[in-house]
Structure formats: structure tokens, C-alpha cells
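What follows is a short report on a single structure.
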Amino acid sequence: SLPIAYLINRIIFPAKSLIIFVILILFSTTFGGIYQSNKILPFSPKKFFFPKQDVINWLSENAGTNRFFGVGTASIATNFATFYKINSPEGYGVFRIKRYAELVESQKDGKLPKNYERAVAEFPNIDTQNRRRLFDLMGVKYLLTKDDMERDAQTHVAEKPENDAKIAWQKGKFRIYEREKTLPRYYLSSQFVVESDSQTILNRIYDPNHDLKTLILEEKPSIELSGGSGQTSLVSYKPNESEFSTKSSVNTLFFISDTYFPGWKAYLDEKETKIYRANYTFRAVEVPRGSHKLIFKYQPMSLKLGILGTTLGILSLTLFLFVYKKGKKKR
């Protein structure tokens, strides 16, 4: 009934040796943490790393959930958008989502890539048909540009990032263009096709004759869908939870261009419902006719296992200290 650590202590290590061993572990862990913090973490005021800027302020007030892309020197470093709570199709993450990485990489030639950048999701500055299709699909509504030729208050008219984009805002060297043809970040649709082959899905996405509002699913929905759509509105949008209200006179599919990933769960009127993978790497949910409340929550099993492991670790350590102290008294 004694803990393994206690048995090791009694059989292998004398008490003093165990104490010295624990002290060394704590010292090395603490020193390593301080060293890494000093090496990696910034300790300057955050206003120097994330300053207030007119372009950022405009996006924060006007973009909503729509995404943006910075062209050339107007690009915003990956993951800065997370701090400012604005939305970008780019980002950086060591544990990158495979399907999203493949979709971003496939824009080069429309083919399923054999490999891709491990940690960074980036789009080229060149305006290509494939990039436009992905921007339309992902709800990239705004393009940022910066006129580096402006001198002495004489503004040089820079080339548009896309020939049909319209200026939505301008101040000094900076401009924000609005893309009018992009899809909303979320919408209801009754139109779908079923494709299970990855390359076939990519072919459809990049096919200019394919209407992107027609969802590409990998399995047939369980409810009957007919023509028509409906209305949906955003209630709240947070990193780990988002809520929407829907209203439709027919059965529909709710689509959102947020990544499909294990751990995300959908609740329709408080009851869990299936999330379909749509358009290669995004999410779709069945929505019956009528008015409903739809909530997405990130509830990964890894979080539950982590909480359980931490709790068991604390309990084991407490038990070990109790038994160890009790054993010393008996000596």
C-alpha cells in the first residue's frame, strides 16, 4: 500500500540522499525556467511590442470576424492578429493543423502537396487566381497596403492589390481595400456535393466554375436538404467558444470557415450535434428548419486528461509527503 517513491526511498536511497536529489531537481528546473524566460520572453512594456496603430484600430472597429491580409510592407507579423483580436488567414504554430497547412500550400499549383512549411501559414504577395479563391472561401474581406514611395506629402498611387478591390480607408501611407466578392465567414446553405478524395476537393475549390457557396462535404448529411437558405447572426465570438442564432424555413447547413479540428464540439439548442468537415478543412453543421441557437465549444479530451493527470500528481505528492513524514517518525 506504500507509494513507489516511498519504497525507493526506503530500499535504495538514504533519507539525506533523497533530499539532496530533490533539491537538485528543483534547482535545475528553476534555473532552466529562468534562463529560458530571460532568453525568450520580452519584459518590456507591451505597448512597445503591440503599439496602437490607425490600421489596427480601424480593423478592430470595422472588420468584425472578417479576415484581412497585409500586402508587402503592410503585412502584419504572424500571430500579432491574435493579440489585437482581429482575424487573419496566416499564423505560426509548432503543432500546425495538417489539413489547413495542405490547403494553404496547395494554392501554388492546385495540387495536394507532399510536404509543406512546418510551422508558418503564409500567403504570397502575388495576386493569383488560386489565392483569390482561398481568400473568397476564407472570408478575407480586407487587403492592407502601404505606399513606400510617398515623399513630402505627395502620395504615389500604388498598384491595387486586386484590380476589383475598392478603397475602404486611407491615412498617410496606409490603405485598406475591401474585397466585395468574398464569402461571409459564416452562412447557411442548402447546396452541397459529396467528395471523399482530397485532390478532387481541391480541384473543385480552384475550379472557377464551382460556386464556393456550394459546400464540399466528405459524407452525406443525415437530414434532407432542399433549395433555399436562411438567416444567421453572430451572438458572440471568442477563441474557444462562439455562438450563433439561425432562422430558416427549410433544412440547411451552417458553414463557418473556422478549422475543423478534434476537440471542437457543436451544440444545437443545448444538444450536441455532429460537425462535418467541409471545403477540405472547415466546419459545417446540420440545422433543421425553424429558429435555433448554435454554439461551438473547444473541449478537447487532452484538456480533461491534463486536469486529471495534474490532480492525480498533486494527490500522489501529498500522499508521498505524508507517508514519508510518518516513516521518519517511526525511526
Side-chain angles (χ1 to χ4, degrees), residues 56-69 81-82 84-89 100 133-143 165-166 168-169 176-192 211-217 221-261 263-299:
I56 299 296
N57 292 340
W58 191 93
L59 289 171
S60 298
E61 295 171 2
N62 297 277
T65 59
N66 293 301
R67 291 189 170 102
F68 72 91
F69 175 75
T82 303
Y84 289 113
K85 297 181 180 179
I86 51 181
N87 297 278
S88 168
Y100 188 76
R133 294 286 289 181
L134 289 190
F135 279 1
D136 291 344
L137 183 63
M138 297 177 182
V140 179
K141 190 172 183 178
Y142 299 103
L143 299 175
K166 296 183 178 180
W169 177 89
I176 297 178
Y177 289 85
E178 182 174 342
R179 307 177 70 250
E180 295 185 333
K181 296 181 181 180
T182 190
L183 294 177
R185 281 290 308 281
Y186 50 88
Y187 57 88
L188 296 177
S189 176
S190 298
Q191 305 301 316
F192 74 95
D211 184 359
L212 288 175
K213 279 195 172 182
T214 299
L215 304 182
I216 308 173
L217 305 179
S222 62
I223 60 174
E224 291 295 327
L225 300 175
S226 56
S229 58
Q231 299 176 341
T232 181
S233 59
L234 176 67
V235 177
S236 65
Y237 190 86
K238 302 175 183 177
N240 293 331
E241 181 176 333
S242 55
E243 180 178 343
F244 305 85
S245 63
T246 67
K247 185 177 181 180
S248 176
S249 59
V250 296
N251 295 338
T252 61
L253 293 167
F254 176 93
F255 171 79
I256 182 169
S257 56
D258 282 355
T259 306
Y260 178 97
F261 190 74
W264 278 102
K265 297 185 181 297
Y267 298 89
L268 189 66
D269 299 331
E270 311 297 336
K271 295 182 179 179
E272 187 174 352
T273 186
K274 179 182 177 64
I275 299 178
Y276 292 85
R277 188 161 62 192
N279 294 341
Y280 200 83
T281 187
F282 301 113
R283 303 181 216 154
V285 171
E286 298 173 345
V287 179
R289 65 174 61 89
S291 299
H292 301 280
K293 179 175 72 172
L294 176 62
I295 298 177
F296 291 95
K297 292 183 179 181
Y298 187 56
Q299 299 173 318

Minimum side-chain heavy-atom gap V287-S248 below 4.5 Å: no

L253 side chain near L217 side chain, heavy-atom distance below 4.5 Å: yes

Check: Y260 main-chain N/O paired with T281 side-chain donor or acceptor under 3.5 Å: no

Note, F192 side chain near Y276 side chain (heavy atom, < 4.5 Å): no

L59 and Y84, any side-chain heavy atoms less than 4.5 Å apart: no

Close side-chain approach of V285 and L268, heavy atoms under 4.5 Å: no

Any side-chain donor near an acceptor of the partner, S233 and S245, under 3.5 Å: yes

Pairwise distance CG(L225) to CZ(R289) - rounded to 0.5 angstrom: 10.0 Å

F255 vs L183 side-chain heavy atoms within contact, under 4.5 Å: no

Exercise: identify the closest heavy-atom pair between Y187 and K213: OH-CA, 3.7 Å

Side chain T214, main chain Q191, donor-acceptor under 3.5 Å: no

Minimum side-chain heavy-atom gap E178-Y142 below 4.5 Å: yes

Short side-chain donor-acceptor distance under 3.5 Å, E286 and T273: no

Any donor-acceptor N/O pair, T65 side chain to N87 backbone, under 3.5 Å: no

Approximate separation, where rounding is to 0.5 Å, of D269 CG and Y267 OH: 14.0 Å

Where W264 and R283 come nearest, the two heavy atoms and their spacing: CE2-NH2, 3.2 Å

Distance (rounded to the nearest 0.5 Å) between N57 CG and N62 CG: 10.5 Å

Beyond-backbone contact of F282 with Y100, side-chain heavy atoms, under 4.5 angstrom: yes

Over all atoms of both residues, closest heavy-atom pair of S190 and S226: CB-O, 2.8 Å

Separation between CD1 of I216 and CG of L137, rounded to the nearest 0.5 Å: 8.0 Å

Residue pairs fulfilling salt bridge (Lys or Arg N to Asp or Glu O under 4.0 Å) with at least one residue in residues 235-252, sequence neighbours excluded: none

Flag if over 12 foreign heavy atoms under 6.0 Å of CD, E272: yes

Donor-acceptor pair between R185 and S257 side chains, under 3.5 angstrom: yes

Whether R179 side chain and V140 backbone form a donor-acceptor pair below 3.5 Å: yes

Pair W58 + F68: ring centers closer than 6.0 Å: no

Side-chain donor/acceptor of N240 to backbone N/O of Y298, under 3.5 Å: no

Full working for side chain to side chain contact (heavy atoms under 4.5 Å, CB included) between Y186 and T232: CA-CA 8 Å; Y186 50 88; T232 181; 3.8 Å; yes

Distance in Å, N279 CG paired with M138 CE, rounded so as to fall on 0.5 Å steps: 10.0 Å

Reported CZ-to-OG1 distance for the pair F254 and T246, which is rounded to 0.5 angstrom: 8.0 Å

